Chemist: 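Questions regarding the structure given below will be posed in turn.
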Amino acid sequence: MSDTAPGPVGAPQTGRTDCLPSAGTKPIGGRHVRKRQLRHILDIAQLRHVQMQVMEPDRETHVGLDGPFVLLETKERRQLAYIEGQGGSFFISEQPSLGNLFGKYGILRAQALSPEESIKLIEQVTEER
């Protein structure tokens, strides 16, 4: 997952891309909660600075299976990665680990459905549930 926050008014527009593991196929929280979550994802995906991508539900492997990560760039153009898990959370700012995560992000986006295909799949799953 990659994430950069929108800048202040007048600042250059930054973007956000989320690669989700599946299109809401896990029944956590029950049907009504899942449906609300999927609708919220569709609402967020309509924002100008957001691209949403999901993995096909039948995909057995992808480079994101090690867990989520967030890629950041400061206004000074410094790149960082943030990783959070049950054992703790930390920032990565040094090579080669940082470069590996940026490379993994590119592969992850290539393995995911396109943003348009992702929206269609989320809409389809929302209607089915």
Side-chain angles (χ1 to χ4, degrees):
M1 175 185 305
S2 175
D3 182 344
T4 55
V9 175
Q13 182 67 39
T14 59
R16 176 185 176 111
T17 301
D18 288 303
C19 291
L20 305 174
S22 63
T25 57
K26 304 292 183 209
I28 298 170
R31 293 179 69 204
H32 295 338
V33 171
R34 180 176 38 207
K35 191 169 257 194
R36 282 198 323 263
Q37 290 171 337
L38 291 171
R39 285 185 184 138
H40 181 67
I41 288 170
L42 290 171
D43 289 343
I44 296 300
Q46 298 306 312
L47 296 174
R48 195 173 56 180
H49 65 284
V50 174
Q51 281 192 335
M52 195 70 61
Q53 289 183 258
V54 298
M55 290 292 169
E56 291 186 75
D58 295 336
R59 186 171 185 95
E60 294 181 2
T61 63
H62 59 79
V63 298
L65 292 177
D66 288 340
F69 58 95
V70 178
L71 301 178
L72 305 160
E73 186 172 292
T74 67
K75 60 183 170 185
E76 294 84 20
R77 298 281 196 216
R78 182 169 179 225
Q79 294 181 326
L80 302 163
Y82 177 71
I83 297 177
E84 185 174 70
Q86 291 183 3
S89 59
F90 53 95
F91 284 96
I92 295 175
S93 60
E94 301 295 324
Q95 298 294 345
S97 297
L98 182 62
N100 291 342
L101 286 171
F102 272 86
K104 185 181 274 195
Y105 171 65
I107 294 168
L108 190 62
R109 289 198 64 196
Q111 290 177 330
L113 295 171
S114 73
E116 295 80 16
E117 293 169 322
S118 296
I119 295 301
K120 286 179 186 176
L121 179 60
I122 295 169
E123 289 171 342
Q124 177 185 348
V125 171
T126 303
E127 294 303 315
E128 291 173 358
R129 311 249 182 241

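Sequence positions, counted from 1, serve as the residue numbers for this chain. Everything numeric in this text was worked out from a predicted model, so none of it was measured.
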Chemist: Rounded to the nearest 0.5 Å, what's the gap from CZ on Arg109 to NE2 on His62? Could you check?
Modeler: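 Separation between the atoms: 15.0 Å.
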Chemist: Are the side chains of Arg78 and Ser93 in contact, using a 4.5 Å heavy-atom criterion?
Modeler: yes
Chemist: Would you give the length of the straight line joining atom CG of Leu71 to atom OH of Tyr82, rounded to the nearest 0.5 angstrom?
Modeler: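 One gets 13.5 Å once the value is rounded to the nearest 0.5 Å.
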Chemist: Going by the rule salt bridge (charged side-chain N to carboxylate O under 4.0 Å, His left out), which residues pair with Arg77 if we only count those two or more places apart in sequence or in a different chain?
Modeler: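 Per chain and number, Arg77 pairs via salt bridge (charged side-chain N to carboxylate O under 4.0 Å, His left out) with Glu73.
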Chemist: First locate atom CG of Leu42, then atom CE of Met52, and finally report the distance between them rounded to the nearest 0.5 Å.
Modeler: 8.5 Å
Chemist: Just wondering, more than 12 heavy atoms not from Glu60 lying within 6.0 Å of its CD?
Modeler: no
Chemist: Sequence neighbours excluded, which residues qualify as side chain to side chain contact (heavy atoms under 4.5 Å, CB included) partners of Leu98?
Modeler: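 Counting only residues at least two positions away or on another chain, Leu98 forms a side chain to side chain contact (heavy atoms under 4.5 Å, CB included) with Gln79, Ala81, Ile92, Gln95, Phe102.
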Chemist: Find the distance between CD (Glu127) and CG (Leu38) and round it off to the nearest 0.5 Å.
Modeler: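 So the CD of Glu127 and the CG of Leu38 are separated by 10.5 Å.
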Chemist: Quick one: closest heavy-atom pair of Leu101 and Phe69, and the distance?
Modeler: O-CE1, 3.7 Å
Chemist: Using side chain to side chain donor-acceptor pair (under 3.5 Å) as the criterion, list what pairs up with Glu117, not counting sequence neighbours.
Modeler: Ser114
Chemist: Looking only at heavy atoms, which two atoms of Ile122 and Thr126 are closest? And how far apart?
Modeler: O-OG1, 2.7 Å
Chemist: Would you mind telling me which of Arg39, Arg31, His32 makes a side-chain contact (heavy atoms from CB on, under 4.5 Å) with Lys35?
Modeler: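 Option passing the side-chain contact (heavy atoms from CB on, under 4.5 Å) with Lys35: Arg39.
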Chemist: Ile41 vs Val54, test: side chain to side chain contact (heavy atoms under 4.5 Å, CB included). Steps then yes/no.
Modeler: CA-CA 11 Å; Ile41 288 170; Val54 298; over 6 Å; no
Chemist: Among the clusters formed by ILVMFWY side chains lying less than 4.5 Å apart, do Ile44 and Leu121 turn up in the same one?
Modeler: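 As far as the 4.5 Å side-chain criterion goes, Leu121 and Ile44 are connected within one cluster.
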Chemist: Is there a donor-acceptor pair under 3.5 Å between the side chain of Gln53 and the backbone N or O of Leu113?
Modeler: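 Here the side-chain-to-backbone pair exists.
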Chemist: Is the shortest heavy-atom distance from the side chain of Leu108 to the side chain of Met55 under 4.5 Å?
Modeler: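 Yes - at least one pair of side-chain heavy atoms lies under 4.5 Å apart.
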